[in-house]
Student: 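My questions all concern the structure below.
For reference, positions follow the sequence shown, starting with 1.
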Amino acid sequence: MDIGFKILEKITLVALRALKPKDTEYFPEKNPEVRKKTERFRGRHFINAETCIGCYACERACPIGAIIMVPTGLKRPRAMPVVNLGRCCYCGLCEDSCPTKEKSIYLTEDYDILIKDVGINLTPLIDDLWAKPVGDITKNPLVVKDLKKQQQKEGK
Ligand code: SF4
Ligand code: SF4
């Protein structure tokens, strides 16, 4: 094929493409429709500090080591999970393995884990890449029970 024809073909393709509507949108400023979720969407994790029993099941179930158990400093639960959102493949096995009645770890519909304007301080970036336990750990039944036991022991 003649080289001139090839170039003309490419230019025509580019010109035609330029006339078509965009396939992508700026996120998150434009097109709120993009926020519509699909039923099977798996996004950022929610970890409930008020119900987690620190059993390590989620950590053991994670196929790629995206979960780290962080010590709480308490007798029970001894540790709670944090999830490295950059490493996670969003398979949902941690959620499936969690034994508490209401899942203490589950994948939400929140996919907005973009970080803007980080500047030269990378701390917010690093912080935001981890899903951490949320809630008041003093309301965790295990903590409440242990506290009561302790108080009974001390005769309070
Ligand atoms: S969803 Fe992420 S954190 Fe949970 S098991 Fe899968 S890879 Fe690990
Ligand atoms: S989130 Fe669930 S599976 Fe993970 S440590 Fe807590 S109770 Fe166990």
Student: Report yes if some heavy atom in the side chain of L74 is under 4.5 Å from a heavy atom in the side chain of I137; otherwise report no.
Tutor: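 Of all side-chain heavy-atom pairs linking I137 with L74, at least one is under 4.5 Å.
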Student: Step by step, work out the side chain to side chain contact (heavy atoms under 4.5 Å, CB included) result for C98 and C58.
Tutor: CA-CA 6 Å; C98 183; C58 53; 5.6 Å; no
Student: In Å and rounded to the nearest 0.5 Å, what is the CG to CG distance from L8 to D2?
Tutor: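 Rounded to the nearest 0.5 Å, the CG-CG separation comes out at 10.0 Å.
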Student: Applying ring-ring contact (aromatic ring centres under 6.0 Å, His included), name anything that partners Y106, two or more places apart in sequence or on another chain.
Tutor: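 Per chain and number, Y106 pairs via ring-ring contact (aromatic ring centres under 6.0 Å, His included) with F46.
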Student: Before giving the answer on side chain to side chain contact (heavy atoms under 4.5 Å, CB included), spell out for V134 and N48 the whole-Å C-alpha distance, their side-chain angles and the decisive distance to 0.1 Å.
Tutor: CA-CA 5 Å; V134 173; N48 194 344; over 6 Å; no
Student: Can you list the residues that meet the side chain to side chain donor-acceptor pair (under 3.5 Å) rule with R78, with sequence neighbours excluded?
Tutor: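 R78: no side chain to side chain donor-acceptor pair (under 3.5 Å) contacts found.
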Student: Does any donor atom in the side chain of T51 or T100 lie under 3.5 Å from an acceptor atom in the other side chain?
Tutor: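 The answer is no; no qualifying pair exists.
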Student: Closest approach of I47 and A131, non-hydrogen atoms and distance?
Tutor: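 For I47 versus A131, the nearest heavy atoms are CD1-O, 3.3 Å.
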Student: Give a yes or no answer on whether the side chain of R42 reaches the backbone of Y90 with a donor-acceptor pair at less than 3.5 Å.
Tutor: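 Yes, R42 side chain to Y90 backbone: donor-acceptor pair under 3.5 Å.
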Student: So, for R87 and G65, which heavy atoms are closest and what is the spacing to 0.1 Å?
Tutor: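 Heavy-atom minimum between the residues: CD-O, 3.5 Å.
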Student: Write down the atom of D136, the atom of E50, and the distance for their closest heavy-atom approach.
Tutor: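 Scanning both residues, the minimum pair turns out to be N-OE2, 2.8 Å.
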Student: If every non-hydrogen atom of R76 is compared with every non-hydrogen atom of V143, which pair is closest and at what distance?
Tutor: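 Smallest interatomic distance, heavy atoms only, reads O-CG2, 3.6 Å.
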Student: Got P99 and C55 here, is their nearest side-chain heavy-atom distance under 4.5 Å?
Tutor: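 Side chain of P99 against side chain of C55, heavy atoms only: contact under 4.5 Å found.
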Student: Do C89 and I64 have side chains that approach each other closer than 4.5 Å (heavy atoms only, starting at C-beta)?
Tutor: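 They are in contact (side-chain heavy atoms under 4.5 Å apart), so the answer is yes.
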Student: Rounded to the nearest 0.5 Å, how far apart are NZ of K145 and CG of L147?
Tutor: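 Between atom NZ of K145 and atom CG of L147 there are 13.5 Å.
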Student: Counting distance only, does the side-chain N/O of T72 pair as donor-acceptor with the main-chain N or O of P77 below 3.5 Å?
Tutor: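 Indeed, once roles are kept as given, a pair shorter than 3.5 Å links the two residues.
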Student: Would you call I68 and P81 a side-chain contact if the rule is heavy atoms closer than 4.5 Å?
Tutor: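 Contact flag for I68/P81 side chains = no.
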Student: Please report the closest heavy-atom contact between V82 and P133, naming both atoms and the distance.
Tutor: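 Smallest heavy-atom distance, with atoms named: CG1-CD, 3.8 Å.
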Student: Out of the candidates K148, Q152, E154, only one should pair with Q150 under the side-chain hydrogen bond (donor to acceptor under 3.5 Å, both in side chains) rule; please name it.
Tutor: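 It is E154; the other options fail the test.
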Student: How far does CG of L85 sit from CH2 of W130, to the nearest 0.5 angstrom?
Tutor: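 These two atoms lie 8.5 Å from each other.
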Student: Not counting sequence neighbours, which residues clear side-chain contact (heavy atoms from CB on, under 4.5 Å) with D96? List them please.
Tutor: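 Per chain and number, D96 pairs via side-chain contact (heavy atoms from CB on, under 4.5 Å) with L93.
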Student: Atom CZ of R44 and atom CG of L129: how far apart are they, to the nearest 0.5 Å?
Tutor: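 Nearest 0.5 Å value for the CZ-CG distance: 8.5 Å.
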Student: Within this structure, what is the SG-CD1 distance for the pair C52 and I105, rounded to the nearest 0.5 Å?
Tutor: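 So the gap between those two atoms works out to 8.0 Å.
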Student: Of all the heavy-atom pairs spanning H45 and C88, show the shortest one and how long it is.
Tutor: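 Nearest heavy atoms, H45 then C88: CE1-SG, 3.5 Å.
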Student: Nearest 0.5 Å please: distance from the CD1 atom of I11 over to the CG atom of L16.
Tutor: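 These two atoms lie 12.0 Å from each other.
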